[in-house]
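Structure first, then comments.
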There are 2 protein chains.
Amino acid sequence: MSETKHGNRTQTAADRLRQMIVAGDLAPGQRISERAIREHLEGLSRTPLREAFKILAGEGLVTISPNRGATVTALSMADVEDTMELLVGLEGLAAEPACKNILLQEIVEIEELHQRMVAAYRAEELMEYFELNQAIHQRIVDAAGNRALSRIYAAECARIRRYRFAGNRHHERWDRAVAEHEQILGFLKDRNGSLLREMLRAHYRNGWQVTRELIGWEFAGTDQEPDRK
Amino acid sequence: MSETKHGNRTQTAADRLRQMIVAGDLAPGQRISERAIREHLEGLSRTPLREAFKILAGEGLVTISPNRGATVTALSMADVEDTMELLVGLEGLAAEPACKNILLQEIVEIEELHQRMVAAYRAEELMEYFELNQAIHQRIVDAAGNRALSRIYAAECARIRRYRFAGNRHHERWDRAVAEHEQILGFLKDRNGSLLREMLRAHYRNGWQVTRELIGWEFAGTDQEPDRK
DNA sequence: CAATATATAATTGTATGCAATCAAGGCATC
DNA sequence: GATGCCTTGATTGCATACAATTATATATTG
């Protein structure tokens, strides 16, 4: 079975690289030489790889400097904060239309995600918890039924994912977050848009405050000095 | 003087293509074969052109179908409406921080843009008017001081630019729009965030309502049938 | 004549070679 | 010994050749 089909090497490369960056396998600021990556993603030639770089650059995940190649985009604390503020705002925009438009079926699905998230919380499965948490928020935004909004929200989440995740290692916040999620679901079911918006706002701010302190000192080394060999 | 310097053919191609698409030289849904473009942008080889496609695809300006090449992204009426709604929301998010953070210098600059816009309005210089109008809104958003917000706002504006422009040909809206802009500037100077937000909201909705009707029938042909040869 | 199958042309996806640029180290000079 | 220049190696940008896929036109058959 020759895996050598025509038509998706670029996309595959982009997907794998995105995964690596978003999951944090590649450090921010780190240089990604075509050579190094091709050793990991064997059998890949330069052209699709370079096209993949361009795709990821468009998503803000890598930064390309002319004649100097690609690096994993390193965000400053200010960049991350700006983006968090934007995400809060986007969820706020989604709240009322989501309450108006959401189907019972969708609420059930979100509750299911929530149950799985609680299970992951009990099992202390960090990654799973984080993923489901994000998925729930995305689903709420999606429920607003605005494709442009959903797209932007997803893209911006991906961009700062690793920074938020870095602050997720401490459990103390989790139980409160779970409680907040339950309130959020409650308002969604009651279709109370304005309260949902306020709750999402508070939820985000609470979470980010914890995260910010945890990652604060991490920035000292990673960000100011873009990269070192 | 050989123009054959190394390091920016891809970017140049992307810029020129973007210009063409945003300005409306290429119709939505139209196929962009590598061949055809290379005839216009002479001396360009396939590699940088294809990389430019990927960049523009990331910006949502072109759509790439595997093994079938690139087309100018054709948005449905629903897509444009979603995006307009998002833009309203983003301006709303910007309003209060903008009032808080804007410098007098920046207000002066925006007023200058406004004066130039009024002049273009009087001279009935369609394009100039439209450009300045957009620039003013961008500057207000920028004044909020959130880079992520500014970036998204600019990108989404570009994505639907040609659709909004299509409805800009009728003058009857212009005088009202100018008046609204003056109110907007007033609230900005007064640093009245909530009124600014409401005004921006109303301004957008008024403008879009006119535009929507004007472009309504244009969609019948362009959109439902993506392209035909 | 319609419909399908097949061959052929056109177009896109990928690999690779060459040119230009950048980075590092050695050498000469002060 | 330090500093600046030049050479050399590595890396990126671009052009082009080749492979795979899709579209088109023709022929064949019912």
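Lettering of chains follows the sequences in order, A, B, ..., and the numbering in each one begins at 1.
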What is the separation between atom CG on L49(B) and atom P on dC14(D), rounded to the nearest whole Å? 12 Å
Rounded to whole Å, the CZ-P distance (R38(B) to dT16(D)) equals 8 Å
If you find the nucleotide of DNA chain C closest to N67(A) and the one closest to P48(A), which residue's nucleotide is nearer the 5' end? P48(A)
If you pin S33(B) and G43(A) to their nearest nucleotides in DNA chain C, which one's is more 5'? S33(B)
Under 3.5 Å, is there any donor-acceptor pair linking the side chain of T47(B) to the base of dT16(D)? yes
Close side-chain approach of R9(A) and S45(A), heavy atoms under 4.5 Å: no
From the candidates dT12(C), dG13(D), dT14(C), the one with an atom nearest any side-chain atom of R9(A) is dT14(C)
Tell whether R68(A) reaches the base of dG13(D) with its side chain through a donor-acceptor pair below 3.5 angstrom. no
When rounded to whole Å, the CZ to P distance for the pair R50(B) and dT11(C) reads 14 Å
Taking atom CD of E109(A) as the centre, does the number of heavy atoms from other residues, nucleotides or ligands within less than 6.0 Å exceed 12? yes
Return the OG1 to CD distance between T211(A) and E213(A), rounded to the nearest 0.5 Å. 9.5 Å
Quick check on dC14(D): is either OP1 or OP2 less than 4.0 Å from any side-chain nitrogen or oxygen of T10(B)? yes
Quick one: I64(B) CD1 to dT21(D) C1', roughly how many Å, whole number? 16 Å
Please work out if R35(A) contacts a base, only the sugar-phosphate, or nothing of the nucleic acid, heavy-atom cut-off 4.0 Å. sugar-phosphate
What is the distance, rounded to the nearest whole Å, between atom CD of E34(A) and atom P of dT14(C)? 15 Å
Nearest whole Å is fine: how far is dT12(D) P from I32(A) CD1? 10 Å
Euclidean distance, atom CZ of residue R31(B) to atom P of dA23(D) [Å, nearest integer]: 7 Å
Is the closest side-chain heavy-atom distance between D82(A) and E85(A) below 4.5 Å? no
Between CZ of R46(A) and P of dA15(D) the distance, given in whole Å, is 14 Å
Measure the shortest side-chain to side-chain distance between V141(A) and L90(A) over non-hydrogen atoms and say whether it is less than 4.5 angstrom. no
